[in-house]
Amino acid sequence: MTINKNTRFLLLFLCTFFALGSVQTAKGSQLAFEFLDSTFNAKLNNSDDKELQSLLDQMKVLASEPHEKGVFERNTGRFHRKANDWSLCLVPMERAEGYFEESNDIKNVIDVQLTQMYCHRYLGRLDRAIEVADKMVQNCLKIPEDEIPLMSLRVRGYLYRDLGKMDSALMLQTQVARIAQAQGETMHLTMAKQEIATIYQIQGKQKLALETALEIEQAIFELPQAQIQIQYLNLMGMIQMGLKQFDESLSSYKSALKIAQDNHFKGPESQGFNNIGICLKAKGDTLAAIGYFEQALDQAMPLNNYHLISSIASHLAECHIKLKKWKQADKYADKAYYYSKKVASPRMTSYAIMRMAEVKIGIDDNAAALEILPEADSIARAIGNYTRVKKINEMMSLASENLNDMEGALKYQRIATIAQDSIDFLDAKMYADSLKLSQPIVNVSSNFPDSPNNRNWAIWMVASLLSLGIIAFLWFRSRPKADLAIPEQEEAKRVSASSDPKVVTQTIQSLKTHKDWTAFMLQFDSIYPGLMESMAQRHPDITPTDMRILALSRLGLSADEFGNLLGISTESAKKARYRTRKRLGIEAGLSLLQYMLQG
């Protein structure tokens with residue numbers, strides 16, 4: 001069959017027309033999908049579930065490319081997260097991760113991994129949360145934006161808090177707050193400060209927690225996310241409860257509950273009933289507390305939030321123990337233990353065992369209490385909660401005494417008494433660990449071009465500094481011993497000249513006012529970065545007292561000032577400094593201040 005010239009032209013025209021039509025259709029489909037995505041995220045916190053589900057259904061039809069499928073799955077996860085349905089949120093977020101990896105969209109991979117980490121945390125699966133966080137940190141290295149490393153550090157801080165490592169968590173969140181403030185990242189700054197206030201609250205430093213929380217109150221309620229406002233109000237409720245301001249605490253908790261109910265957030269609603277119950281229990285209104293706890297439990301059960309279920313059941317057991325309703329108490333204690341095992345939460349398991357043991361002691365089955373409490377003691381030691389170790393051993397001492405085993409009672413009481421030493425030791429190790437963890441933050445804002453000229457310049461600078469360092473070291477070592485014996489007060493004048501006197505004075509004054517050694521050590525590290533980490537590495541067995549004495553020495557304080565800050569006499573302060581020198585093996589003739597000046 002012969003096709004003439006006009007026919008060929010017509011066929012070519014028709015093929016071109018249909019090809020252009022297909023391109024335009026694909027382009028229109030992509031634009032429609034992008035419009036639906038932006039509309040969904042704009043309405044996520046302000047629309048009802050039916051409207052959001054309708055948008056998701058339309059997105060599912062249009063999603064064809066891996067990136068679009070990833071966006072659809074991510075938004076499906078966000079839809080479930082809005083209602084705090086963590087189990088339902090997790091599955092689409094894991095599918096979204098695969099689609100985004102396929103399309104090499106690392107930023108969105110990090111975004112969905114962050115949500116996965118939150119899901120695992122709220123479901124009590126800390127081991128899985130840590131695995132996801134590690135993957136997320138690795139992906140962060142591929143992203144240049146400053147926002148991503150800050151987010152990863154915040155997440156690591158949350159995990160350290162979950163694991164009970166409060167000083168490490170506090171160090172990371174403080175560093176995030178500093179960087180966020182310098183970069184003008186209001187969201188990160190606000191969230192980091194909220195987490196700092198949470199850590200203070202957990203540590204029992206309620207006044208510091210309140211001060212920190214009030215700093216961000218206005219910023220919190222300017223944010224559009226209702227979940228963040230709920231978190232803040234719940235935090236305020238906990239702080240106020242710690243300050244025995246029960247009416248104010250109830251008001252904060254009820255405000256959080258109302259926001260949750262207005263937005264149909266089932267998870268936060270359950271948590272809201274639980275929080276009100278906790279406040280009423282602390283206030284002494286046990287019967288009213290039980291009513292709220294039961295509502296919370298009814299709400300939590302369909303959500304499969306096992307961590308929250310275990311917590312509520314433990315509180316109900318505690319209330320019934322107080323009312324001496326042993327059968328009910330035993331039922332809820334068993335429930336708390338069962339669900340703590342389902343989420344593999346050691347903290348909740350040890351707490352549930354303590355409630356079970358209280359029931360056994362209450363019904364005079366002390367032998368059974370002594371059988372189960374060692375498991376709680378072992379768990380508490382494993383997670384580093386030595387405050388709980390102390391309480392558990394006090395319970396074992398009481399059970400032994402009830403069995404007329406005075407030797408056992410004394411043994412457990414001695415363990416309870418010395419538990420504070422373990423707490424001090426752990427604080428020192430955590431502080432050293434947190435200093436190491438904060439090091440990668442420096443690299444976030446250190447983007448030096450990697451040109452050959454810069455590398456040569458850097459090598460020349462390093463070589464020069466090393467040479468100068470060796471010369472200075474040899475000169476210093478060759479000086480007569482008598483020259484080293486400079487009076488500490490004279491040396492202190494030189495130190496104050498090399499530091500910002502205003503900052504040093506504020507640091508010392510803050511310690512005098514608040515007696516908060518953790519905050520003091522954090523401030524000290526900002527004045528002399530890396531110094532205490534160097535001391536911890538040089539002396540692995542250094543104690544918290546040694547670290548405090550070295551820090552005060554570096555600030556050039558006299559023995560009188562030492563005594564005032566440590567709460568001891570001047571003579572005792574001198575002895576404490578001597579013991580630190582001896583324990584660290586500092587050579588004779590070299591003061592603590594001079595030793596610190598050597599780095």
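Side chains included, hydrogens not; waters and symmetry mates left out as well; all remaining heavy atoms used.
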| request: Identify which one of Glu97, Glu131, Glu94 satisfies the side chain to side chain donor-acceptor pair (under 3.5 Å) criterion when paired with Gln116. | output: Glu97
Side-chain donor-acceptor pairs of residues 291-302 under 3.5 Å, sequence neighbours excluded:
residue : atom : partner : partner atom : Å
Gln299  : NE2  : Glu269  : OE2          : 3.3

Are any non-hydrogen side-chain atoms of [X] and [Y] less than 4.5 angstrom apart?
| X | Y | answer |
| --- | --- | --- |
| Glu195 | Leu170 | no |
| Arg95 | Arg74 | no |
| Phe246 | Met241 | yes |
| Lys50 | Gln53 | no |
| Asn234 | Ser252 | no |
| Tyr253 | Leu233 | no |
| Met348 | Tyr306 | no |
| Leu208 | Ile196 | no |

| request: Could you please spell out the steps behind the side chain to side chain donor-acceptor pair (under 3.5 Å) verdict for Thr349 and Ser340? | output: CA-CA 5 Å; Thr349 298; Ser340 73; 2.9 Å; yes
| task | Take Ile312 and Ser270 through the side chain to side chain contact (heavy atoms under 4.5 Å, CB included) test and state the conclusion after the steps. | result | CA-CA 10 Å; Ile312 297 167; Ser270 176; 4.2 Å; yes
| Within a radius of less than 6.0 Å around CD of Glu222, do more than 12 heavy atoms belonging to other residues, nucleotides or ligands occur? | yes
| message | Take a 6.0 Å sphere around CZ of Phe221 and say whether it holds more than 12 heavy atoms from other residues, nucleotides or ligands. | response | yes
Which heavy-atom pair separates [X] from [Y] by the least distance, and what is that distance?
| X | Y | result |
| --- | --- | --- |
| Gln240 | Glu248 | OE1-O, 3.0 Å |
| Leu62 | Glu68 | O-OE1, 3.6 Å |
| Ala289 | Cys319 | CB-SG, 4.3 Å |
| Ala63 | Phe33 | CB-CE1, 3.8 Å |
| Ala177 | Leu189 | O-CD1, 3.4 Å |
| Val109 | Val112 | O-CG2, 3.2 Å |

Checking [X] side chain against [Y] main chain: does a donor-acceptor pair fall under 3.5 Å?
| X | Y | answer |
| --- | --- | --- |
| Ser255 | Ser251 | yes |
| Thr212 | Ala197 | no |
| Tyr232 | Ala213 | yes |
| Tyr351 | Arg388 | no |
| Ser249 | Gln245 | no |

Quick one: pull up [atom1] in [X] and [atom2] in [Y] and give me the separation to the nearest 0.5 Å.
| X | Y | atom1 | atom2 | answer |
| --- | --- | --- | --- | --- |
| Asn274 | Ile309 | CG | CD1 | 11.5 Å |
| Lys391 | Ser350 | NZ | OG | 13.0 Å |
| Ile216 | Leu223 | CD1 | CG | 9.0 Å |
| Gln194 | Met236 | CD | CE | 10.5 Å |
| Lys69 | Met59 | NZ | CE | 13.5 Å |
| Asn275 | Leu235 | CG | CG | 10.5 Å |

| note | Asp57 meets the salt bridge (charged side-chain N to carboxylate O under 4.0 Å, His left out) criterion, sequence neighbours left out, with none
| note | For Lys207, the salt bridge (charged side-chain N to carboxylate O under 4.0 Å, His left out) test, sequence neighbours excluded, returns none
| query | With a 6.0 Å cut-off on ring centres, are His67 and Phe100 close enough? | reply | yes
| Can you name the one residue among Arg78, Glu73, Met117 that meets side-chain contact (heavy atoms from CB on, under 4.5 Å) with Met93? | Arg78
| query | Checking side chain to side chain contact (heavy atoms under 4.5 Å, CB included) for the pair Phe79/Phe40: CA distance, chi angles, key distance, verdict? | reply | CA-CA 9 Å; Phe79 173 74; Phe40 175 87; 4.1 Å; yes
| query | Are Asp111 and Lys107 ion-paired here, with the side-chain N under 4.0 Å from a carboxylate O? | reply | no
| message | Is there a side chain to side chain contact (heavy atoms under 4.5 Å, CB included) between Ile106 and Glu101? Walk through the geometry before answering. | response | CA-CA 7 Å; Ile106 302 300; Glu101 284 177 344; over 6 Å; no
| message | With side chain to side chain contact (heavy atoms under 4.5 Å, CB included) as the criterion, how do Thr115 and Leu90 come out once you've worked through the C-alpha distance, each side chain's angles and the decisive distance to 0.1 Å? | response | CA-CA 8 Å; Thr115 305; Leu90 192 57; over 6 Å; no
